[in-house]
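Inspection log for the structure reproduced underneath, given as structure tokens.
Values below: all heavy atoms of this structure, side chains included; hydrogens, waters and symmetry mates excluded.
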Amino acid sequence: MPFGFVKALLRPSAPVPDHRPIERIAADLRRVRRARACFGPGVSAAKKIGARQAHDALLAQACSALEVEHRLDVLGEGVDREVERFRVEERLRGLGLSL
């Protein structure tokens, strides 16, 4: 058995992150935000809801990656959830994430 093969078996593997790269999450957040901002008055409710849900899911991913607590997954739609979105976005910006 070649020595390199044994050495490779004994070498500890690099830790695998539990999330996608934060740069990719931030880019997706910016893309979804731009899309939501461009919605005109004739856009279907389904498209608006889908974009809002995608935005929330990306915010939750960013929070997980940067260890920021959030309540986006427990609050129902409404003012409280909108305030939580704003709070989370401000916290992520404070940590240097470009949204």
Side-chain angles (χ1 to χ4, degrees):
M1 184 177 299
F3 179 72
F5 179 73
V6 173
K7 188 175 180 181
L9 287 176
L10 298 176
R11 183 179 10 195
S13 60
V16 178
D18 295 335
H19 52 81
R20 297 185 309 136
I22 191 64
E23 296 84 4
R24 188 71 233 145
I25 296 169
D28 289 345
L29 267 167
R30 289 189 297 272
R31 181 182 48 79
V32 170
R33 283 177 60 96
R34 278 191 309 270
R36 288 182 70 195
C38 292
F39 286 164
V43 173
S44 71
K47 192 169 187 173
K48 289 179 184 179
I49 291 168
R52 190 172 55 237
Q53 289 173 342
H55 183 246
D56 287 353
L58 289 164
L59 283 175
Q61 287 178 32
C63 286
S64 176
L66 298 176
E67 298 179 357
V68 171
E69 290 191 34
H70 69 89
R71 298 179 337 146
L72 291 168
D73 52 352
V74 296
L75 293 172
E77 284 301 326
V79 174
D80 289 342
R81 189 169 183 143
E82 194 61 37
V83 169
E84 179 67 356
R85 282 185 195 108
F86 181 76
R87 185 195 70 78
V88 165
E89 287 178 350
E90 287 304 307
R91 178 73 177 114
L92 293 172
R93 280 189 192 99
L95 292 172
L97 195 64
S98 174
L99 302 176

List the atom pairs, donor and acceptor, that lie under 3.5 Å between side-chain atoms in residues 90-99 and the rest of the protein, sequence neighbours left out.
from	atom 1	to	atom 2	distance (Å)
E90	OE2	R93	NH1	2.8

Inset, instruction - Answer yes or no: is there a side-chain heavy-atom contact under 4.5 Å between R52 and R81? - result: no
Inset, instruction - Evaluate the criterion side-chain contact (heavy atoms from CB on, under 4.5 Å) for residue pair L72 and H55; output intermediate values, then yes/no. - result: CA-CA 11 Å; L72 291 168; H55 183 246; over 6 Å; no
Legend entry - Closest non-hydrogen atom pair, I22 against A65: CD1-CB, 3.8 Å
Legend entry - salt bridge (Lys or Arg N to Asp or Glu O under 4.0 Å) partners for R24, two or more places apart: D28
Inset, instruction - Locate the shortest heavy-atom distance separating I25 from Q61; write the atom from each residue and the value. - result: CG1-OE1, 3.8 Å
Legend entry - Straight-line distance of F39 CZ to K47 NZ, nearest 0.5 Å: 5.5 Å
Legend entry - Nearest-0.5 Å distance that lies between atom OG in S64 and atom CD in E69: 11.5 Å
Inset, instruction - State plainly whether one hydrophobic cluster holds both L75 and L59, where clusters connect Ile, Leu, Val, Met, Phe, Trp and Tyr through side-chain heavy atoms under 4.5 angstrom apart. - result: no
Legend entry - Heavy-atom closest contact (E84 atom, H70 atom, distance): OE2-CA, 3.3 Å
Inset, instruction - Count the heavy atoms of every other residue, nucleotide or ligand shown that sit under 6.0 Å from CZ of R71, and state whether that count exceeds 12. - result: no
